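In what follows, a structure is listed as structure tokens, so that the remarks can point back to it.
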Amino acid sequence: GGMYGRGEGTGVNREVSADLYRQAAEAGSVSAMSNFGVRLLNGDGVAQDPQAGMHFLTQAARAGDEESMQMLRQIRDTYGIEHPDAPQLN
């Protein structure tokens, strides 16, 4: 997904990039869960869906992805929003 997102070796195609991240996330890739979650939050290549974005970030955080944990902390601290399945965030 990253190569399409950055246009490396191909033209930039945000929709294809997002779809590839979705497929990888659904197959269990933790980094793809994080990337796809951010795309959903921002509406980058997909329809904006904050609830689904939080779901994918939470899955990545529960798998130990520190960047996802930091993003969830920032969302919590900025907007007061927490996903009910989020791991304990300090």
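Throughout, residue positions are numbered sequentially from 1 according to the sequence presented. Everything quoted here is computed from the prediction, not taken from an experiment.
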Let me check something: any side-chain donor-acceptor pairs from residues 41-50 under 3.5 Å, sequence neighbours excluded? List them with distances.
from: N42; atom 1: ND2; to: V38; atom 2: O; distance (Å): 3.2
from: D44; atom 1: OD1; to: R14; atom 2: NE; distance (Å): 3.0
from: D44; atom 1: OD1; to: R14; atom 2: NH2; distance (Å): 3.4
from: D44; atom 1: OD2; to: R14; atom 2: NH2; distance (Å): 2.7
from: Q48; atom 1: NE2; to: L41; atom 2: O; distance (Å): 2.7
from: D49; atom 1: OD1; to: Q51; atom 2: N; distance (Å): 3.4
from: D49; atom 1: OD1; to: A52; atom 2: N; distance (Å): 3.1

If you measure from [atom1] on [X] to [atom2] on [Y], what distance do you get to the nearest 0.5 Å?
X	Y	atom1	atom2	answer
S34	R39	OG	CZ	11.0 Å
S17	F36	OG	CZ	10.5 Å
L40	N35	CG	CG	11.0 Å

With sequence neighbours excluded, residues passing side-chain hydrogen bond (donor to acceptor under 3.5 Å, both in side chains) with D19 | R22, Q23
Is the side chain of T78 donor-acceptor paired with the backbone N or O of Q74 at a distance under 3.5 Å, no angle test?
-> yes
Tell me, with the steps shown, if S31 and E67 meet side chain to side chain contact (heavy atoms under 4.5 Å, CB included).
-> CA-CA 9 Å; S31 64; E67 187 175 321; over 6 Å; no
R73 with E66: basic N within carboxylate O range, under 4.0 Å = yes
Solution key, residues 54-62 side-chain donor-acceptor pairs under 3.5 Å, sequence neighbours excluded:
from: T58; atom 1: OG1; to: M54; atom 2: O; distance (Å): 2.8
from: R62; atom 1: NH1; to: D85; atom 2: O; distance (Å): 2.9

